[in-house]
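Accompanying notes for the structure given below.
Heavy atoms only: backbone and side chains are in, while hydrogens, waters and symmetry mates are out. Below, read A as the first sequence line, B as the second, and so on, with proteins coming before strands; counting in each chain starts at 1.
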Amino acid sequence: MCSLEKRGNLFILTLTGQGVEHRLNPDLISSIIAALSQAKAQSTRGSALVTVSHGKFFCNGLDLDWVSAVATSNQEAQQHFDHLYDSLKQLVLAFISLPMPTVAAVNGHVAAAGVVLALCHDYVIMRRDRGVLYMSELDKGIGIPEVFMALFRAKISGSTRRDMLLRGLKIKGEEALKMGIVEAIYDGEEGATNAGTEMGNDLAKRNWDGEVYVEIRKGLYHELCGMLRMASNVIATPKL
Amino acid sequence: MCTLEKRGNLFILTLTGDDQHRINPKLIGDLLSLLSQVKAQATRGSALITQAQGKFFSNGFDLDWAQAAGSEQGASERLLHMVESFKPVVAALLSLPMPTVAALTGHAAACGFILALSHDYIIMRRDRGVLYMSEVDIGLTMPDYFNALFREKIGDASARRDLLLRGLKMKGDEAVKRGVAEAAYDGEGEVLAASVRMAEELGKRKWNGEVYAEIRKGLFPQLSAIVGLSHKIVATPKL
């Protein structure tokens with residue numbers, strides 16, 4: 001499902017398994033949340049986290065097969081869907097409260113809730129020569145919950161938001177860079193993963209205080225944090 | 001500390017001296033007093049330029065004055081006091097009945113950057129000087145109105161993130177590219193000349209100051225609310 005590794009100051013969260021789409025279901029979501037809890041418990045000044053994945057997909061969205069497999073009626077399916085969305089909200093909350101800079105190294109396709117997962121990170125980098133970023137909801141006829149809209153409003157500007165959500169675009173690396181969705185793009189199998197690790201290490205070198213970092217992050221994503229009911233703390237004594 | 005000069009239709013507010021123009025209760029008091037004067041003398045066609053002498057526009061709150069309290073508790077109280085007292089300066093600039101230009105010939109950091117951003121336009125140097133929110137590096141959180149100002153003035157989400165969460169030191173060209181500054185020029189003289197040109201151009205439009213201020217406040221509703229400004233609707237054209 002996923003694994004957590006520590007290399008110096010860098011935590012590496014890996015979505016494991018080749019030939020799978022790393023679809024988000026309750027199991028994967030709770031393993032990621034557990035991994036983040038562990039990282040938080042072991043965090044110090046100068047920690048950072050990079051999320052990487054195996055195979056052709058970073059994350060292809062929610063596990064809709066799981067929803068239909070466990071449900072015996074439409075009503076039950078809807079309940080499972082709702083439960084899955086609630087878990088995804090908890091995942092967003094876990095990322096936003098992580099007391100260190102975070103980088104998503106998107107090495108393959110990323111769609112729907114997978115995009116939400118990537119955008120939970122402070123920085124997103126992507127592969128140039130393969131993989132698309134795709135908000136598939138419009139094409140699939142599924143609405144987007146308010147919390148995820150707030151995440152988009154917080155992280156993506158103006159007309160790019162419209163192009164991502166209202167236009168069903170399959171966005172390749174170059175385009176994603178131009179549109180300001182990602183920080184940088186890299187070629188090759190390991191390109192994004194290696195660059196993500198390097199970026200994580202560079203951010204770690206700034207030696208920021210994790211508690212301060214989270215509070216500044218929450219201030220930046222004010223509306224989103226309000227919806228997730230996250231309280232703020234004021235730190236008025238410099239932590240040098 | 002600071003002086004006010006009137007040149008034709010232009011009000012020129014200058015932070016004097018070669019120091020870092022740190023924002024403390026004395027400077028805040030002076031700024032409020034001068035901005036009051038500007039407001040009282042405003043007419044159609046007025047415009048304000050704020051400039052500073054030396055290597056800094058302003059390097060933020062006077063943390064030395066805060067530390068001089070002698071204890072961590074005392075320092076924290078003094079800092080929070082300055083944070084609160086600066087809100088009326090933002091409010092005064094936000095409600096000033098004329099276009100405003102910040103002419104940055106030096107560095108603007110933390111609350112100094114906020115002071116610059118509280119103006120309608122920033123013109124800065126390309127060859128020297130940075131815009132920098134130092135808080136993440138120093139280990140301080142942002143007051144609510146700092147966040148609101150960034151949210152409502154800087155449209156680019158990644159620029160906001162880079163400035164607040166990454167401690168980016170943004171130079172003139174990048175500031176223009178990312179929509180934080182209006183224009184960047186080489187050299188002090190060029191910045192000042194360009195600021196005067198811009199202020200005069202804006203002044204020539206002869207806008208009704210009251211209407212101008214109301215429209216400006218409407219652009220920044222969250223910020224306006226936080227700094228205690230209310231909104232008035234002007235529905236009779238003032239021609």
Is it true that a side-chain atom of A:Ser157 and a backbone atom of B:Ala157 form a donor plus acceptor pair closer than 3.5 Å?
yes
B:Ile138 CD1 to A:Trp208 CH2 distance, which is reported to the nearest 0.5 Å
13.5 Å
Segment of B:Leu79 engaging chain A (4.5 angstrom heavy-atom cut-off):
side chain
Under 4.5 Å from any heavy atom of chain A - which part of B:Asp162:
side chain
For B:Leu164, is it the side chain, the backbone, both or neither that has a heavy atom under 4.5 Å from a heavy atom of chain A?
both
Just verifying a value: how many Å separate B:Glu135 CD and A:Ile235 CD1, rounded to the nearest 0.5 Å?
12.0 Å
Under a 4.5 Å cutoff for heavy-atom pairs, which residue among B:Met133, B:Arg160, B:Glu72, B:Arg166 has the most contacts with chain A?
B:Arg166
Do other residues, nucleotides or ligands put more than 12 heavy atoms under 6.0 Å from B:Lys55 NZ?
no
Let's test your reading of the structure: which of A:Lys155, A:Glu183, A:Glu211 forms the most heavy-atom pairs below 4.5 Å with chain B?
A:Glu183
What pair of heavy atoms forms the shortest contact from A:Tyr213 to B:Leu165, and how long is it?
CE1-O, 3.3 Å
Most heavy-atom pairs under 4.5 Å with chain A, out of B:Asp144, B:Leu80, B:Asn147, B:Leu140, belong to B:Leu140
Under 4.5 Å, heavy atom to heavy atom, which residues of residues 215-234 of chain A contact chain B?
A:Glu215, A:Ile216, A:Arg217, A:Gly219, A:Leu220, A:Tyr221, A:His222, A:Asn233, A:Val234
Would A:Arg206 and B:Asp137 pass as an ion pair if we require N to O under 4.0 Å?
yes
Quick check on A:Asp209 against chain B: is it the side chain, the backbone, both or neither that has a heavy atom closer than 4.5 Å?
neither
